[in-house]
Protein chains: 2
Amino acid sequence: MSSSKPTTSPVSVPEAVVNRLSMYLRELQHVVAAGKPTTSSSQLGRRLGFTDAQVRKDLAHFGHFGHPGIGYRCQELIDAIRCILGTDRQWKVALVGVGNLGRALLGYRGFDPQGFEIVAAFDAELSKVGNEIESVPIYDIARLREVVSAKQVELGMVAVPAEHAQAVADQLVEAGVTGIVNFAPVTLKVPEGISKVGVDLARELEQVTFAVANRLRSAEHGAELDQTEATKTGS
Amino acid sequence: MSSSKPTTSPVSVPEAVVNRLSMYLRELQHVVAAGKPTTSSSQLGRRLGFTDAQVRKDLAHFGHFGHPGIGYRCQELIDAIRCILGTDRQWKVALVGVGNLGRALLGYRGFDPQGFEIVAAFDAELSKVGNEIESVPIYDIARLREVVSAKQVELGMVAVPAEHAQAVADQLVEAGVTGIVNFAPVTLKVPEGISKVGVDLARELEQVTFAVANRLRSAEHGAELDQTEATKTGS
DNA sequence: TACTGTGAACAATTTCACAGCA
DNA sequence: TGCTGTGAAATTGTTCACAGTA
């Protein structure tokens, strides 16, 4: 039992595990940045709010990465997780919608180091077309299919108004992307075999207000032994 | 039986249920916008990718909202869910960090209709201070405590670089906010009783690449009967 | 000693299936 | 008939506790 390459065919991994895998990765990067070469399931768990057993079980889905008596060598585990997540290589991403949010995504410094490169942006407003933002060229959305194919873009980010999101997603799929991150507050329909994730900013806030409102309710109400903690995803 | 006010003290609701509640709300708003006065658990479920039983069970945590034989009256259920989530009133929000992402958040049109109003923004860069963006005034971050207290801000959004996020969160808590949405890729520590949610853009992309990479692996590999669908949160 | 990996126990969540109301 | 609400069953996920390795 010692380090090894990730199991090639994970057969069926709960989505929650994949979520936590990303968190472990981020945390490991912080540990490395702090100069520590190794860490342990309990340390990792403590920092993220999980039990040590959970951390070990999660990682065990993919292989044997730990060293008994030692813990995990950070760089080793980072490499393994990136391999599992598929970010051991660079992914080409297209952004559709160069509004406020789109521009923010173009300027976001966190993508490149994690393996994502925005190689093209699209907008329907012709005054934006032809410019570059953060050295990403902006194309007429009418050319989406052509450009996405030509540049071999694999992932799409949808940052257009809700009413156009489905149409944009359809075009992205048509053009050959295999995964979509959607920032519009609608539920996209995508064909089987295309992955998608939705990020809805108002919904994130609602998760917080629920916890707050709930706390207020129990407080004024009469001290139920209620304990709803809204520590959803880490961070 | 029939409609009623949400149960006041939900005692203990799984976080996943709260997440879905937000999705039901969004979906119901779309149904209303389409002119339909009622919907059903199966319709709602189909649109979001859940079973009808799940929808009913989720809602049953909070009261009896449905009408046997009819389904759910959309507006009624919308009102009930907003009440449960605490967004039946307006929440005052402070934004810290007026970079690319911060500006996008200031310009985001989706907050107001869902009950969120950004009433103040803060930045350390003094050239930004004193201006308004989207008619939100930008203050020196040194005045965070003072302004947040004075304006009775309840929620904070952290959109500063990772290395400053914890310090900013500490100040927000000090100043009296009860909930935080964090956009920096770090795990914040907040005191018991403060709610937080983390949004990490690179992590969202990783959820997608995992699914894609996984699909590629099984494909080239040898057709395991693997079925990993990355249809995380809806959208 | 300090830690991992893991079967077995436990807990939570989801689905099923059906009674009951409009 | 069409739909909800809900116990009971099935499934999934988490924690415990310990054998085993460095």
Side-chain angles (χ1 to χ4, degrees), chain A residues 1-4 6-7 10-21 23-24 28 31 36-46 48-74 76-77 80-81 227-229 231-233, chain B residues 1-4 6-7 10-21 23-24 28 31 36-46 48-74 76-77 80-81 226-229 231-232:
Chain A
M1 315 307 135
S2 131
S3 81
S4 69
T7 301
V11 183
S12 169
V13 181
E15 173 190 310
V17 173
V18 183
N19 246 288
R20 287 192 297 264
L21 222 49
M23 298 188 204
Y24 301 148
L28 284 161
V31 174
K36 307 261 178 193
T38 68
T39 183
S40 66
S41 57
S42 43
Q43 181 173 130
L44 231 33
R46 186 157 7 89
L48 289 162
F50 309 136
T51 66
D52 55 338
Q54 170 114 76
V55 175
R56 294 199 298 276
K57 262 277 157 68
D58 283 348
L59 296 174
H61 274 97
F62 304 99
H64 297 211
F65 307 114
H67 304 271
I70 306 292
Y72 299 90
R73 295 202 228 286
C74 295
E76 205 172 274
L77 188 51
I81 293 179
Q227 206 63 315
T228 312
E229 255 305 306
T231 308
K232 185 202 150 178
T233 170
Chain B
M1 307 305 165
S2 126
S3 81
S4 69
T7 300
V11 183
S12 169
V13 180
E15 174 188 309
V17 173
V18 183
N19 245 290
R20 288 193 295 265
L21 222 48
M23 299 188 203
Y24 301 148
L28 284 160
V31 174
K36 306 263 179 191
T38 68
T39 183
S40 66
S41 57
S42 43
Q43 181 174 132
L44 231 33
R46 185 159 6 89
L48 288 163
F50 310 135
T51 65
D52 55 338
Q54 171 115 77
V55 175
R56 293 198 298 276
K57 262 274 157 72
D58 283 347
L59 295 174
H61 274 97
F62 305 98
H64 299 211
F65 307 113
H67 304 271
I70 306 291
Y72 300 90
R73 295 201 228 287
C74 295
E76 205 172 274
L77 188 50
I81 293 179
D226 178 71
Q227 206 65 313
T228 311
E229 256 305 307
T231 307
K232 185 198 150 177

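All values reported here derive from a predicted model rather than from experimental measurement. Below, chains carry the letters A, B, ... as their sequence lines are ordered, and counting in each starts from 1.
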Could you tell me the separation between the CG atom of Leu59(A) and the C1' atom of dC3(C), rounded to a whole number of Å?
-> 14 Å

In whole angstrom, give the distance that lies between atom CZ of Phe62(A) and atom P of dG5(C).
-> 13 Å

Rounded to the nearest 0.5 Å, the CD atom of Gln54(A) sits from the NZ atom of Lys57(A) at a distance of 9.5 Å

Taking all non-hydrogen atoms of both residues into account, name the closest pair between Tyr24(B) and Val55(B) and its distance.
-> OH-CA, 3.5 Å

Distance in angstrom units between Leu44(A) CG and dT4(C) C1', rounded = 13 Å

Do Leu48(A) and Arg20(A) touch side chain to side chain, with heavy atoms closer than 4.5 Å?
-> no

Value in whole Å for how far the C1' atom of dT4(D) lies from CD of Glu76(B) = 13 Å

Determine the contact category for Ser41(B): base if any of its heavy atoms lies under 4.0 Å from a base atom, sugar-phosphate if only primed atoms, P, OP1 or OP2 are that close, otherwise nothing.
-> sugar-phosphate

List the atom of Val31(A), the atom of Thr38(A), and the distance in Å for their closest heavy-atom pair.
-> CG1-O, 4.3 Å

Nearest heavy-atom pair of Val18(A) and Val13(A): which atoms, and what distance?
-> CG2-CG1, 4.1 Å

Sub-4.5 Å side-chain heavy-atom contact between Leu59(B) and Tyr72(B) = yes

Could you write nucleotides 8-17 of chain D as a row of B, S and -, 5' to 3', where a protein heavy atom under 4.0 Å of any base atom gives B, of only sugar-phosphate atoms gives S, and otherwise -?
-> B----SSBBB

Could you tell me whether the phosphate oxygens of dG5(C), OP1 or OP2, come under 4.0 Å of any side-chain nitrogen or oxygen in Tyr72(A)?
-> yes

Looking only at dT6(C), dG2(D), dT6(D), the nucleotide nearest the Pro68(B) side chain is dG2(D)

Using only side-chain N and O atoms of His64(A), determine if any of them is under 4.0 Å from OP1 or OP2 of dT6(C).
-> yes

What's the NE2-P distance between His61(B) and dT4(D), to the nearest Å?
-> 17 Å

Exercise: identify the closest heavy-atom pair between Lys36(B) and Cys74(B) | O-SG, 3.7 Å

Roughly, in whole Å, what's the span from CG in Asp52(B) to C1' in dT15(C)?
-> 10 Å

To the nearest Å, give me how far apart CZ (Arg73(B)) and C1' (dC3(D)) are.
-> 13 Å

Can you tell me the distance, in whole Å, between the CZ atom of Phe65(B) and the P atom of dT4(D)?
-> 14 Å

